[in-house]
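The structure appears right after this line, and notes come after that.
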Amino acid sequence: MILDHHPFNINDVGHLAIGGIDAVGLSEKYGTPLYVYDVSLIRANCRRFVETFEALGVRAQVAYASKAFSSVAMLQVIKQEGLSLDVVSQGELYTALQAQFPVDRIHMHGNNKSANELEMAIDYDIGCIVVDNFHEIELINEILQRKNKTMDVLMRVTPGIQPNTHQYIVTGNEDSKFGFNLADGQADEAFLQLQNSENIHFKGLHSHIGSQLFETDAFVLAAKVLFRKLADWHAEYHYSPDVLNLGGGFGIRYTEGDQPLDYSTHVKELTAVVQEQAAYFNMPLPEIWIEPGRAIAGNAGVTLYTVGSIKEIPGVRNYVSVDGGMTDNIRPALYHAKYEGVLANKAGKTATDTVSIAGKCCESGDMLMWDLPVPAVESDDILAVFSTGAYGYSMASHYNRFPKAAVVFVENGRDQLVIKRETYHDVVKNDISYE
Ligand SMILES: *Cc1c(COP(=O)(O)O)cnc(C)c1O
């Protein structure tokens, strides 16, 4: 049963319930496609990380990587849960300011931050900029000097950690657009520039090694690689970092085959390696920062669609088309991401058929799921796709001039619209007639 491994139930009329609310009722009230978030799951995910650090008694910041799903309502929940926040653009920073997110807990990322973006971050006195390259160091120094201000900065490095079959290995030179290379002296050069800047407070290192990781081993390896570099700087310049940021990438369950670790296990193992390395090199324990995105928002989100046309190709495949697709969830088309779902109005019925779910965009690649077991499907059934809370709405597009779908939050038996469905007026609002 697909519902056995997703955090939702069947209600007494045999429909899918999301946070206790009938999904079919939500589809009638708000229309489809519709993103629905169970806010209690978002909160539980946040608390798992935060409370484990608290129980361990170590100083830490859990920063939600808002690119996974950013909206005013979402950031209000993240603020209530006491997390910090990562932004990678002026638009994400602007959204955080609209949500009145505490500026000192906002961190800015990006491999090509513009002078405008950096100036906005500096004007609002955000907590930290994660510097990515030499050009950016120059820009930050110039802005800080001109404004006579200071800024906390972390240095993003590429520790060269890559998956090698079932193990992670350290490669000397990582081929990545992000960060300073540790192996070839770039990070050492950046260290001197940051340390010698009067306006920059260099707080420590950052690395983000990947996404959808099911084991802690890659993080442990990254921590060791970072400490080796920090130990060099400690020996040579008596430098000790205030912060070690190990990034995000904690894996979640999309399908039955995915076996994510409990987030508290990640936190315990990361903390253990940082404690061990700091003790080994005789350095003070830095504050540990992590940046989960998908792990906060992913499993809390469900997308509801209405089934339209059904095309049966005997002996080949049955295509069931829904009223959304790659415009609201590009991940299957972009990188063959796998999902599971159920018919929300037939959630209590046994699966008898196998169908593939097609989006309605004019692209053969616009498929949402292959070979989904379902009870007999009919037009107007409501399809619910699980674990769409991360990189769904945030990657949505207007391809084929589809208006963007609406987002609803449910919590404590209540549902509330938090992002309006776009109208056709929204679709053409920036168009200018050619005279
Ligand atoms: C994308 C990203 C994250 C979040 O990744 P998830 O896989 O969603 O946890 C965290 N930190 C940085 C720097 C990122 O680019």
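Read the numbers this way: they start at 1 and go in the same order the structure lists the ligands and their atoms.
Taking only nitrogen or oxygen atoms, main chain and side chain alike, Q212 does not reach within less than 3.5 Å of ligand 1. Ligand 1 has no nitrogen or oxygen under 3.5 angstrom from a nitrogen or oxygen of R156. Residue-to-ligand polar distances keep A65 apart from ligand 1: every N/O pair is separated by 3.5 Å or more.
Residue contact check for ligand 1: G249 places a non-hydrogen atom closer than 4.0 Å to it.
Per-residue contacts place R294 under 4.0 angstrom from the following atoms of ligand 1 (heavy atoms of the residue considered): 6 (P), 7 (O), 8 (O), 9 (O). Atoms of ligand 1 lying under 4.0 Å from at least one heavy atom of E291, given by number and element, are 3 (C), 4 (C), 9 (O), 10 (C), 11 (N), 12 (C), 13 (C). Within ligand 1, the atoms closer than 4.0 Å to a non-hydrogen atom of G293 are 4 (C), 6 (P), 8 (O), 9 (O), numbered from 1 in the order shown. Against a heavy-atom cut-off of under 4.0 Å, S211 is close to the following atoms of ligand 1: 5 (O), 6 (P), 7 (O). Residue Y391 approaches ligand 1 through these ligand atoms, each under 4.0 Å from one of its heavy atoms: 1 (C), 4 (C), 5 (O), 6 (P), 8 (O).
Heavy-atom contacts from other residues, nucleotides or ligands closer than 6.0 Å to CG of D371 number more than 12.
In this structure, CE on M326 lies 12.0 Å from CE on M395, to the nearest 0.5 angstrom. Taken from CG in L261 to CD1 in I252, the straight-line distance is 14.0 Å, to the nearest 0.5 Å. Put simply, CD on E136 and CG on N112 are 9.0 Å apart, with the number rounded to the nearest 0.5 Å.
Closest to atom 1 (C) of ligand 1, if we only count protein heavy atoms, is K67 NZ, 1.5 Å. Scanning the protein heavy atoms around atom 3 (C) of ligand 1, the nearest turns out to be H208 CE1, 3.4 Å.
Contact check on D132 versus K113 returns no salt bridge, with no Lys/Arg side-chain nitrogen under 4.0 Å from an Asp/Glu carboxylate oxygen. A salt bridge does not link D258 with K338: none of the charged nitrogens is closer than 4.0 Å to a carboxylate oxygen.
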Item to complete: Take H206 and H107 through the test ring-ring contact (aromatic ring centres under 6.0 Å, His included) and record every step on the way to the result.
Response: CA-CA 12 Å; H206 168 279; H107 315 147; 9.5 Å; no

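Judged by the 6.0 Å distance and 45° axis criteria, R421 is not positioned over the aromatic ring of Y30.
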